[in-house]
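Inspection log for the structure reproduced underneath, given as structure tokens.
Counting from 1, the numbers follow the sequence of the chain as shown.
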Amino acid sequence: MDGELLAADTVVVSIGVLNCFTAVSHDFSETEVNLLRAVANQSAVAIVNTELMVKTRVIQEELAARKKVEQAKEILMINRQMTGEVAHRWMQKRSMDSRKTLREVAEAILLSYEIFNKQ
């Protein structure tokens with residue numbers, strides 16, 4: 001028993017090939033070829049969209065972390081009379097010494113400030 005293979009590469013973006021196998025010999029019609037090509041293209045679009053959503057989420061998280069670091073730096077600059085550079089280095093050192101991320105150190109500074117400065 002010889003089967004048949006139909007392979008449809010993606011046209012929208014070059015991601016890969018979608019293969020369709022049959023167990024028995026079969027001549028694929030133009031409709032079947034077009035359907036497989038459409039499914040391959042839709043799959044490629046879904047993969048690209050998912051990758052873009054993941055990248056967007058990572059960028060949003062990085063931006064949120066930077067914002068917190070900047071806010072914490074401002075607190076140190078005001079409360080400890082540090083320059084921006086010194087405040088940043090101070091947070092980096094605390095980050096390394098405590099094995100915490102810079103974001104975690106910044107969040108701790110922000111929380112501490114919030115607790116001790118509430119009226």
Side-chain angles (χ1 to χ4, degrees):
M1 251 202 288
D2 289 331
E4 295 294 325
L5 163 69
L6 173 62
D9 61 341
T10 58
V11 177
V12 178
V13 288
S14 182
I15 288 185
V17 176
L18 181 62
N19 293 324
C20 181
F21 297 95
T22 63
V24 295
S25 184
H26 176 75
D27 289 330
F28 289 98
S29 69
E30 187 176 337
T31 302
E32 291 169 323
V33 171
N34 289 337
L35 175 62
L36 186 62
R37 197 171 284 135
V39 169
N41 286 328
Q42 287 298 314
S43 299
V45 168
I47 290 168
V48 169
N49 284 344
T50 301
E51 289 173 348
L52 290 173
M53 285 172 38
V54 168
K55 287 177 184 176
T56 300
R57 183 72 182 147
V58 168
I59 290 169
Q60 287 173 334
E61 288 173 7
E62 288 173 357
L63 186 59
R66 283 185 182 185
K67 184 177 179 181
K68 288 183 181 201
V69 168
E70 287 300 314
Q71 289 171 334
K73 196 165 74 171
E74 266 186 59
I75 290 169
L76 292 174
M77 289 167 63
I78 293 167
N79 291 346
R80 294 189 171 217
Q81 289 76 44
M82 296 178 173
T83 65
E85 187 178 321
V86 170
H88 195 267
R89 275 190 274 141
W90 187 89
M91 287 192 299
Q92 284 178 322
K93 180 156 179 27
R94 296 304 167 280
S95 172
M96 289 185 284
D97 290 349
S98 64
R99 293 189 173 144
K100 304 279 185 201
T101 65
L102 193 56
R103 180 183 184 150
E104 290 171 321
V105 170
E107 287 172 342
I109 293 167
L110 294 170
L111 180 61
S112 175
Y113 179 77
E114 182 182 320
I115 289 170
F116 290 114
N117 292 296
K118 279 239 173 168
Q119 300 294 327

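- Taking hydrophobic clusters as Ile, Leu, Val, Met, Phe, Trp and Tyr residues chained together by side-chain heavy-atom distances below 4.5 Å, Leu52 shares a cluster with Ile47.
- Taken from CZ in Arg94 to CG in Leu76, the straight-line distance is 9.5 Å, to the nearest 0.5 Å.
- Taking a cutoff of 4.0 Å between a charged side-chain nitrogen and a carboxylate oxygen, Glu107 and Arg103 qualify as a salt bridge.
- Annotation for Glu85: atom CD does not count as buried by contact number, only 12 or fewer foreign heavy atoms lying within 6.0 Å.
- Every residue two or more places apart in sequence or in another chain was checked for a side-chain hydrogen bond (donor to acceptor under 3.5 Å, both in side chains) with Asn49, and none qualifies.
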- In sequence, state the C-alpha distance, the side-chain angles, and the governing distance for Thr83 and Met77, and then conclude on side-chain contact (heavy atoms from CB on, under 4.5 Å). CA-CA 6 Å; Thr83 65; Met77 289 167 63; over 6 Å; no

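- A pairwise comparison of heavy atoms in Lys68 and Ala106 identifies O-CB, 3.6 Å as the closest pair.
- No continuous path of ILVMFWY side-chain contacts below 4.5 Å connects Trp90 to Ile78, so the two sit in separate hydrophobic clusters.
- A salt bridge is absent between Glu70 and Lys67: the closest approach of a Lys/Arg side-chain nitrogen to an acidic carboxylate oxygen does not fall below 4.0 angstrom.
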- Message: Is there a side-chain contact (heavy atoms from CB on, under 4.5 Å) between Glu104 and Thr101? Walk through the geometry before answering.
- Response: CA-CA 5 Å; Glu104 290 171 321; Thr101 65; 3.1 Å; yes

- Dump the intermediate steps for side-chain contact (heavy atoms from CB on, under 4.5 Å) on His88 and Val69, then the final yes or no. CA-CA 8 Å; His88 195 267; Val69 168; 3.9 Å; yes

- side-chain contact (heavy atoms from CB on, under 4.5 Å) between Phe28 and Leu36: does it pass, once the steps are laid out? CA-CA 10 Å; Phe28 289 98; Leu36 186 62; over 6 Å; no

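- A donor-acceptor pair is defined here as one N or O able to donate and one able to accept, closer than 3.5 Å; no such pair exists between the side chain of Ser112 and the backbone of Ala108.
- With a 4.5 Å cut-off on side-chain heavy atoms, Met82 and Lys73 do not count as touching.
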